[in-house]
Amino acid sequence: MDLLVVGAGLFGLTVAERAAEAGLRVTVVDRRDHLGGNAWSSVDEATGIEVHRYGSHIFHTSNERVWRYVRRFTAFTDYRHHVFSTHAGTVYPLPINLGTLNQFFGTAMGPDAARALVAEHAAEVDAATAANLEEKAVSLIGRPLYEAFVRGYTAKQWQTDPRELPASVISRLPVRYTYDARYFSDTYEGLPADGYGPWFEAMASHPRIDVRLGVDFLDPAQPLSKAAARGQVPIVYTGPVDRYFDHHHGPLGWRTLDLETEVLPVRDFQGTSVMNYADLDVPWTRVHEFRHFHPEREDRHAQDRTVVMRETSRAAGPDDEPYYPVATPHDRARLQEYRALAADEPGVHFGGRLGSYLYLDMHMAIASALSLWDSGVVVDAR
Ligand code: FDA
């Protein structure tokens, strides 16, 4: 073995594939029983519907190199993501755009009039003096839109009143003064045509890559553990940086998700892939309905049942899956301490969303892994 990659998510798989292509013998370990980390999906046998097991994943990028790279392993459909939000018994398109504004205010405004109205509402609070998330949001989009689309959703995401959350949690709230309701504005977007599983299997299929699933690198009883491999072989580690150091400086804060999947006895539950619930009277933040990601597969989907996933959000405990970094100033100070420890680890490179304690979209994880590989440090460590 020339390189040990911990984590078979997109960051780890990208480094492994590049290294194998360059002639290295790579072992990839993951404590889960599947490839692809949080982007993993599998087909529900009963309905033929591909279910994204860790929440909806839509691939999007404007990075030409990443787009060229990923298409070596899979083709993409022409799916374009749209999100809707239910508020007070009405459904609105998100992100907030001219359609949302005219529907919400019962108007037929053009872009200039809408911009002027939002600016008038936003003038209630000066962004520079905003003392909490609520004041910051009002300073960006005004109180009526904040109360409809941000207050309840944010309170559910954080399980905290937005007046108790720091203003720094949001830097911008996008409002589009056109009828463009596409959720992502990247150049390229789509879903892997044959599903996420075949994409990840193609990345891991290089003959010089050996994948071992169900292996926890931090379990000293494993033959491929940190205790056995550290200092013996170059390591790319994509697990949580605080866990690697046994929480030496204390745990970093994460939010986790509770994802409840259900097969419903209807063909189509909500008519779209993702519906947000903005109000506090509905406990979940979103409902995902997976059949809508692949309209081209309708002949393979059950016609009398559908798969939905209700998503709720809360602070992660020690045994929960970490999903989103909380990144309070306290967390960021701790992260610097962990980064200092990481810099001194012999031949170990930390990366990916857990290893760097950063929210990364899939294309960002891939771009960051390609940069790590290009930098040469992984090979130099041999
Ligand atoms: P990832 O978490 O995928 O992989 C890390 C792997 O390391 C995991 O498989 C884990 O099991 C393994 N590991 C950890 N500790 C270990 C240990 N001790 N031993 C062995 N293995 C260990 N992005 C996007 O582009 N479009 C989208 O629509 C979405 N949607 C989305 C929804 C939700 C709810 C979330 C939380 C995230 C997204 N993302 C997304 C982001 C996407 O999930 C993210 O970009 C990738 O998961 C990043 O890949 P990584 O390899 O960095 O981490």
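Each ligand, and each atom within it, is numbered from 1 in the order the structure gives. The first residue of the sequence shown is numbered 1, and numbering continues consecutively from there.
Given atom 35 (C) of ligand 1, the protein heavy atom at minimum distance is Y324 OH, 3.8 Å. Shortest contact from atom 47 (O) of ligand 1 to any protein heavy atom: N38 CB, 3.8 Å. Residue, atom and distance of the protein heavy atom nearest to atom 2 (O) of ligand 1 are R353 NE, 2.8 Å. In this structure, the protein non-hydrogen atom closest to atom 44 (C) of ligand 1 is L360 O, 3.2 Å. Residue, atom and distance of the protein heavy atom nearest to atom 36 (C) of ligand 1 are Y323 CD2, 3.2 Å. The protein heavy atom nearest to atom 4 (O) of ligand 1 is G9 CA, 3.5 Å.
Using cut-offs of 30° and 60° for the angle between ring planes, the Y237 and Y244 rings count as perpendicular.
Taking the ring pair (Phe, Tyr, Trp, His ring centres under 6.0 Å) definition, one finds that H52 meets it with Y196, F290, F293, sequence neighbours left out. For R18, there are no salt bridge (charged side-chain N to carboxylate O under 4.0 Å, His left out) partners, not counting sequence neighbours.
Close approach of ligand 1 to L257 (heavy-atom distance below 4.0 Å) involves ligand atoms 34 (C). Atoms of ligand 1 found under 4.0 Å from any heavy atom of G352, numbered from 1 in the order shown, are 52 (O). The atoms of ligand 1 that sit less than 4.0 Å from any heavy atom of F217 are 17 (C), 18 (N), 19 (N), 20 (C). Less than 4.0 angstrom separates some heavy atom of G7 from each of these atoms of ligand 1: 6 (C), 7 (O), 12 (C).
Inter-residue side-chain proximity for Y179 and N102 is flagged as met; some heavy-atom pair is nearer than 4.5 Å.
The closest heavy-atom contact to atom 8 (C) of ligand 1, among the options V6, L13, D30, comes from D30.
By the 6.0 Å and 45° rule, R243 does not stack over the aromatic ring of F350.
Under the 6.0 Å cut-off for aromatic ring centres, W158 and Y324 do not qualify, their centroids lying 6.0 Å or more apart.
No donor-acceptor pair under 3.5 Å is formed between the side chain of R176 and the backbone N or O of N97. A donor-acceptor contact shorter than 3.5 Å is absent between the side chain of S85 and the backbone of Y277.
In this structure, Y54 counts as a contact residue of ligand 1, since one of its heavy atoms falls inside 4.0 Å of the ligand.
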